[in-house]
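See below for the structure under consideration.
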Amino acid sequence: MSERILITGGLGQLGSELAVALRERYGEDSTIVTDLREPANDLPGPFYQLDARDGTRLHEIVRKERITRIYHLAALLSAVAEARPHDAWSINMDGLVAVLEVAREVGASVFTPSSIGAFGPQTPKDFTPQDTIQRPTSMYGVTKVAGELLCDYYAFKYGVDTRGVRFPGIISNVTPPGGGTTDYAVDIYYAAVRDRRYTCFLQGDTYLDMIYMPDAIKAAIDLMEADPARLRHRNAFNVTAMSFSPEEQAAYIRRYIPEFEIYYDVDPVRQAIANSWPNALEDYAARVEWGWQPAYDLDSMTADMLKTLTERQATGAL
Ligand code: SER
């Protein structure tokens, strides 16, 4: 059966590119984009304005469009969640409950991204295992752990096919991320192309896991297509493609833009969040259970980001 897919938060960093990839894979009409915001420009495919917490409207859309799979991406990221903890709880949790309830009623499968933010200061920092201590200290992390547990609960209690990955920072060049701790790793490329310099809000020696958008999309699609008989875990799989610090990322940028300079103006809130997260995950379970294998490392991602943004600058679109 061909999939009928709905994305919440579909105008965000991941949703905007995932929608394109899903339509390429499952057909132009396969994928419905929803978002709290109205799109700034005309979108190519079907769009509904939707607050994912509005279960009644979500239910109407899912029924009308005969949805079989939901990518639930609507959420506040870590730095915004820390500034607005009650909103973060409401948006990240009530939205998920509404999605899971609809999925239970119609028999749809659900992908929910968790995050490296689901770990905390007591978690082993290096080669962070799949199954380990999860006591995050950020509100974002609290919602991510609660979300992982709730998705597993719906799988075991109601048989809903819920799956997820713990995404690292996602680096991309179509839609910017908003309000995350790993946003610097995206901004740095735009600044390198535009200004040849960047002021970073994290310390230069802060290591975090990262992934390039094509690999993030591949993870989201491949996990949902994986043979359920092989999945020992569901919510959520560690995935990573690389781990680096701002200093290291700047050094790789200098291979292509030798005059690039990095400065630091540390934001204590985002630094504290970053310090509570792992340096580098181990993603063996994802590799074994559904064949996870990233294509990009820091060098190939840097080359591709700089090439893409430089070409865009030449057309005046940067
Ligand atoms: N990129 C996310 C953030 O920084 C991590 O999941 O919030």
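Indexing begins at 1, ligand by ligand and atom by atom, following the structure's order. Numbers here are sequence positions counted from 1.
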### Task
Classify the side-chain pair Thr162/Asn235 by whether it contains a donor and acceptor separated by less than 3.5 Å.
yes
### Message
For the residue pair Asp131 / His233, report whether a side-chain donor-acceptor contact shorter than 3.5 Å exists.
### Response
yes
### Task
Would you mind checking which non-hydrogen protein atom is closest to atom 1 (N) of ligand 1, with the distance to 0.1 Å?
Thr182 OG1, 2.7 Å
### Query
What is the nearest protein non-hydrogen atom to atom 5 (C) of ligand 1, stated with its residue, atom name and distance?
Ser115 OG, 3.5 Å
### Query
Which residue owns the protein heavy atom closest to atom 3 (C) of ligand 1, what's the atom, and how far is it?
Ser78 OG, 3.3 Å
### Task
Using a strict cut-off of less than 4.0 Å between a Lys/Arg side-chain nitrogen and an Asp/Glu carboxylate oxygen, indicate whether Asp51 and Arg53 qualify as a salt bridge.
yes
### Query
Does the side chain of Arg163 pick up a donor-acceptor pair with the side chain of Ser109 at under 3.5 Å?
no
### ligand 1-proximal atoms of Trp277, by part, heavy-atom distance under 4.0 Å
side chain
### Query
Is it true that Glu259 and Arg196 make a salt bridge, defined as a side-chain N closer than 4.0 Å to a carboxylate O?
yes
### Query
If you count the atoms of ligand 1 from 1 in the order shown, which ones are under 4.0 Å from a heavy atom of Thr181?
3 (C), 4 (O), 7 (O)
